[in-house]
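The structure under discussion appears below in the form of structure tokens.
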There are 2 protein chains.
Amino acid sequence: MADRTSALGGLTIGAVARQAKVRTSTLRFYESVGLLAAPRRVSGRRVYDADVLDVLRLVHLAKGAGFTVAEIRRLMHGFDRATPASARWQAMAARKLRDVTMLIERARGMQKVLEALLTCECVELADCARPPRPATARRRNGSNR
Amino acid sequence: MADRTSALGGLTIGAVARQAKVRTSTLRFYESVGLLAAPRRVSGRRVYDADVLDVLRLVHLAKGAGFTVAEIRRLMHGFDRATPASARWQAMAARKLRDVTMLIERARGMQKVLEALLTCECVELADCARPPRPATARRRNGSNR
DNA sequence: CTACTTCTTCAAGCACACTTCAAGTCAAGG
DNA sequence: CCTTGACTTGAAGTGTGCTTGAAGAAGTAG
């Protein structure tokens, strides 16, 4: 008996926050950056329709896929209205997929460096990093950035 | 005939920056946070010995392995001086390896979401995100944070 | 009515790794 | 002497995604 439609015909910000498992501050922040439309107000307070929860799920999905707030905003309403939603997502998803794949490659590079570190026997720290030893023997290094 | 030892018996900050491929501001920043020892000065200006380049390679290596500046500082001189360098690195490398592995797993989750997005046919954006459709048919979702 | 909770706004803060800026100093070349 | 270019400092700015705080208004329970 907590969050019933609250005799306002909608949900308070607190109710939405509980159901979507975010903080109220997050909801206000999303509104301020255009991820959420400004809901109607009843004596100053936000009153949401239940479908805001769908939007929040969408945002969560997009965040999980690695999109930034700016990108999510573009996904949601930065496009030609005639283009079907799936096409919008797919175009950006393809680009993001490349980014994520590169991220994974970089992380794999880190793993290699770390694994090398785990088996190295340098006594001086600097020994681990010195590559300009032409052809003596061991050498291990990753790169980044 | 650019960066010869500059008649100072050392390298200027500009020379070090060029050779290490970082900006001078980065070198000052590293010094300010304790990654680089303060070099001697000649009329106020920093004059570095060539071995600063080894230290910078080390920093680069550590950054490449995903260590933060604070961690690199600890790696370099936050430890018992008696402990051999390799042991210091290894202890922290083991922890960081776990972090990186988790990062990769999260990124894989993102890939899955993105691949699903690429093959989805939703017309309404919200359709992509709605899981509360009990047992109808398709369903795809990743999670994060 | 009182107390308590929830809500409001707006500014500032956090973490991270630097970069940029302003205002000046200093050495070398012409 | 003057110009040029590299250097000095500390403070503030950048980007990302929120959180926190202050100060006050409005709602709800008893």
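Per chain, numbering begins at 1; letters A, B, ... match sequence-line order.
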Return the CZ to CE distance between B:Arg74 and B:Met76, rounded to the nearest 0.5 Å. 13.5 Å

B:Arg73 and B:Glu31 ion-paired at < 4.0 Å: no

Around B:Arg40, counting heavy atoms of other residues, nucleotides and ligands shown, do more than 12 lie under 6.0 Å from its CZ? yes

Could you pull out the closest heavy-atom pair between A:Ile104 and B:Arg108, with the gap in Å? CD1-N, 4.0 Å

Please tabulate, one pair per line, each protein N/O and nucleotide N/O from nucleotides 1-6 of chain C that are separated by under 3.5 Å, including the distance.
{"residue": "C:dT6", "atom": "O2", "partner": "A:Arg45", "partner atom": "NH2", "Å": "3.1"}

Can you tell me the distance, in whole Å, between the CZ atom of A:Arg40 and the P atom of C:dC7? 15 Å

Roughly how far, to the nearest 0.5 Å, is CD1 of B:Ile72 from CG of B:Leu35? 6.0 Å

Taking the nucleotide of DNA chain D with the closest heavy atom to each, which residue, A:Tyr30 or A:Val42, is nearer the 5' end? A:Tyr30

Between B:Ala50 and B:Leu11, which heavy-atom pair has the shortest distance, and what is it? CA-CD1, 4.0 Å

Would A:Met92 and A:Val33 show up in the same hydrophobic cluster when neighbours are defined by side-chain heavy atoms closer than 4.5 Å? yes

So which atom in A:Leu117 and which in B:Ala93 form the shortest heavy-atom distance, rounded to 0.1 Å? CB-CB, 4.1 Å

A:Leu27 CG - C:dT8 P separation (whole Å): 10 Å

Closest non-hydrogen atom pair between A:Val55 and A:Leu36, with its separation: CG1-CD1, 3.7 Å

Look only at the side chain of A:Gln19 and the backbone of A:Val16, and say whether a donor-acceptor pair between them is shorter than 3.5 Å. no

Distance, nearest 0.5 Å, that separates CD1 of B:Ile13 from OG of B:Ser25: 8.5 Å

Applying side chain to side chain contact (heavy atoms under 4.5 Å, CB included), name anything that partners A:Leu103, two or more places apart in sequence or on another chain. A:Arg106, B:Ala107

Check nucleotides 19-23 of chain D against the protein and report each pair of N or O atoms closer than 3.5 Å, with its distance, or say if there are none.
{"residue": "D:dT19", "atom": "OP2", "partner": "A:Ser25", "partner atom": "OG", "Å": "2.8"}
{"residue": "D:dT19", "atom": "OP2", "partner": "A:Thr26", "partner atom": "OG1", "Å": "2.4"}
{"residue": "D:dT20", "atom": "OP2", "partner": "A:Arg23", "partner atom": "NH1", "Å": "2.6"}

Closest non-hydrogen contact found for A:Val47 with A:Gly10 is CG1-CA, 3.6 Å

Identify the two heavy atoms, one from A:Leu97 and one from A:Thr101, that lie closest to each other, and give their separation to 0.1 Å. O-OG1, 2.7 Å

So, OP1 or OP2 of C:dC18: does either fall under 4.0 Å of a side-chain N or O from B:Lys63? yes

Nearest-angstrom distance from the residue atom CG of B:Leu35 to P of C:dC16: 14 Å

Between residues 95-104 of chain A and DNA chain D, which residues have a heavy-atom gap below 4.0 Å? none

Which whole-number value in Å describes the distance from A:Leu56 CG to D:dC18 P? 11 Å

Terminal axes of the helix from C:dC1-D:dG30 to C:dG30-D:dC1 (five pairs each): angle between them, nearest 10 degrees: 20°

Mark yes when over 12 heavy atoms from residues, nucleotides or ligands other than B:Arg98 sit less than 6.0 Å from its CZ; otherwise mark no. no

Between B:Arg28 and B:Thr24, is the side chain to side chain contact (heavy atoms under 4.5 Å, CB included) condition met? List the steps. CA-CA 6 Å; B:Arg28 292 192 200 96; B:Thr24 56; 3.7 Å; yes

Between the protein and nucleotides 9-11 of chain C, which nitrogen or oxygen pairs come in under 3.5 angstrom?
{"residue": "C:dT9", "atom": "OP1", "partner": "A:Arg41", "partner atom": "NH1", "Å": "3.2"}
{"residue": "C:dT9", "atom": "OP1", "partner": "A:Arg41", "partner atom": "NH2", "Å": "3.0"}
{"residue": "C:dT9", "atom": "OP2", "partner": "A:Arg46", "partner atom": "NH1", "Å": "2.9"}
{"residue": "C:dT9", "atom": "OP2", "partner": "A:Arg46", "partner atom": "NH2", "Å": "2.9"}

Taking only side-chain nitrogens and oxygens of B:Ser43, does any of them come within less than 4.0 Å of OP1 or OP2 of D:dC7? no

